[in-house]
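Throughout, a chain's letter reflects where its sequence line sits, starting with A, and its residues are numbered from 1.
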2 protein chains.
Amino acid sequence: MLDTNAQTYTRADEAFDCLQTAIVKGELAPGDKIGELDLCSRFELTRGPLREALGRLESRGLLVRRPHAGVKVVSLSAAELVELYRIREVMEGLAARQAAERMTDQEIADLQATLDGHETMIEEAHGQAYYQAEGDYDFHHRITTGSRNTKLAQMLLGDLYYMVRMYRYRLSTSAGRPHRALGEHRRIVEAIAQRDGELAEFLMKRHINAARENIEKKIKEGVLTI
Amino acid sequence: MLDTNAQTYTRADEAFDCLQTAIVKGELAPGDKIGELDLCSRFELTRGPLREALGRLESRGLLVRRPHAGVKVVSLSAAELVELYRIREVMEGLAARQAAERMTDQEIADLQATLDGHETMIEEAHGQAYYQAEGDYDFHHRITTGSRNTKLAQMLLGDLYYMVRMYRYRLSTSAGRPHRALGEHRRIVEAIAQRDGELAEFLMKRHINAARENIEKKIKEGVLTI
DNA sequence: AAATCAGTAATTGTTGACAATATTGGGTTG
DNA sequence: CAACCCAATATTGTCAACAATTACTGATTT
């Protein structure tokens, strides 16, 4: 019997998801030392599956492990956080270019509708950085998926975005520039709709560059300490 | 006592290394179904650490797991392999740019010496694709490290390169163009030595593009079946 | 004869106990 | 008084037995 995708959730998968969301949501803050049996009692599971999940998370760079010494949530320096945006710049630029070549008309229409939703969201949620950040994430997520580049999506969605989101709660990336960010999003989608991959790539790179400069400015001003 | 880095190798680390090299060297070929206790007896370890290693490798995309059904080595389609090179293009372009900004003079001198070594290696190893591929790997490895971008190095060295090397044994990437590749390498290093990041990025992107086109041509000719 | 269903066997997932190691606290010494 | 060394403790790493699920084999039915 060919079981297409049974989706039998194993305890290790469960542990992995729990830990990942806990880290992203900030329940486990960067630098926290976490004991294995603490986690076991917290998530109601045993050490076997937990350790497997820890291995996965370590491999993805969300955790740091030292043998016999324990596990702690990774803690990025300001410089490393900035480097993350340099990587995003080139990778998401590629994603935008390939999305322009490969997204279906339907997907593009949906994306435009999403941006309308974000507009009202920004109006209503004055200064509530959380919702703005989630909208931003939604936008980038769709384009990455639209690139139809499996490995690229895996690296962005499975690695980089989690790290970025982990710090987004503290920095509120696009705070102070939500309208500007939305405008940039619209122009990127326009380029994609016109199937202009080169332009989409250029605009996406500039968009992420702006976010990076915004962060660097705040770091310099001492507004956010990492 | 501050134990800088005790480097205590755990069995799981051992299992991870063994499996990774086995996959890269082709001892475990793409698509192979591998049983857990087969691996245990093969590498002289028990299932606990093995499963942790399997988790890590799955997370890095070298293995595919289906609950209760077993583990198999990931098998890329021709299209996916090409996509890998599109990712390498932008990421290694960034690496080259940052390397031009950050490598020490000593590192650059070493890199140039390495290329001299590759030249004689190519002369001596007529058509022995293996050594050419290793030389190529060495070059890219040094530049990636020279970028001083931790996460970038982690993603390239820890993920992409292993996948590329896994297929390199079959395709011998630069076969038929070793001298041309070496010339491209030299020009990239020149740009780095002149601290011209923009040029280094451009040349690196073009270099990887050439490798991609070479592969696409071979695939079209049916020379290599994936 | 082909396809479906059930039962068996083998493999994976999970658990709890055991062994090894790093950290922490106290005591001692310079 | 500070620094260092040593031992106790708690945590991590490892192991082997148990449970659950899937895949396979063979028989039965249409």
**Fill in**
Between B:Ser59 and A:Arg56 the two heavy atoms that sit nearest each other are OG-O, 3.5 Å

**Prompt:** With under 30° as parallel and over 60° as perpendicular, where do the rings of B:His207 and B:His140 fit, or are they tilted in between?
**Reply:** parallel

Measure the distance from [atom1] on [X] to [atom2] on [N] and round it to the nearest whole Å.
| X | N | atom1 | atom2 | value |
| --- | --- | --- | --- | --- |
| B:Glu52 | D:dT12 | CD | P | 12 Å |
| A:Arg47 | C:dT15 | CZ | P | 13 Å |
| A:Leu50 | C:dT14 | CG | P | 12 Å |
| A:Arg11 | D:dC18 | CZ | P | 20 Å |
| A:Glu36 | D:dG13 | CD | C1' | 8 Å |
| A:Arg66 | D:dG13 | CZ | P | 12 Å |
| A:Leu37 | C:dT15 | CG | P | 15 Å |
| B:Ile34 | C:dT11 | CD1 | P | 14 Å |

**Message:** What contact category does A:Gly48 fall into here, base, sugar-phosphate, or nothing, at under 4.0 angstrom with non-hydrogen atoms?
**Reply:** base

**Item:** Atom pair CG/CZ of A:Asp136 and A:Phe139 - distance to nearest 0.5 Å
**Value:** 8.0 Å

**Fill in**
So CG of B:Leu28 and CG of B:Asp38: to nearest 0.5 Å the spacing works out to 10.5 Å

**Asked** Okay, side chain of A:Tyr85, backbone of A:Ile215: is any donor-acceptor separation there less than 3.5 Å?
**Response** no

**Prompt:** Is it true that atom NZ of A:Lys72 has more than 12 heavy atoms of other residues, nucleotides or ligands lying nearer than 6.0 Å?
**Reply:** no

**Request:** Counting heavy atoms from C-beta on, name the nucleotide in D:dG13, D:dT22, D:dT14 closest to the side chain of B:Ala69.
**Result:** D:dT22

**Prompt:** Can you find an N or O donor on one side and an acceptor on the other, under 3.5 Å apart, linking the side chain of A:Arg65 with the base of D:dG13?
**Reply:** no

**Asked** Does A:Arg60 come within less than 4.0 Å of B:Asp159, counting only side-chain N to carboxylate O?
**Response** no

**Asked** According to a strict under-4.0 Å criterion, is A:Thr10 in side-chain N/O contact with OP1 or OP2 of C:dT12?
**Response** no

**Fill in**
On DNA chain D, more 5' by nearest nucleotide between B:Leu45 and A:His68 is A:His68

**Prompt:** For the helix from C:dA1-D:dT30 to C:dG30-D:dC1, how many degrees between its two end axes (five pairs per end), to the nearest 10°?
**Reply:** 30°

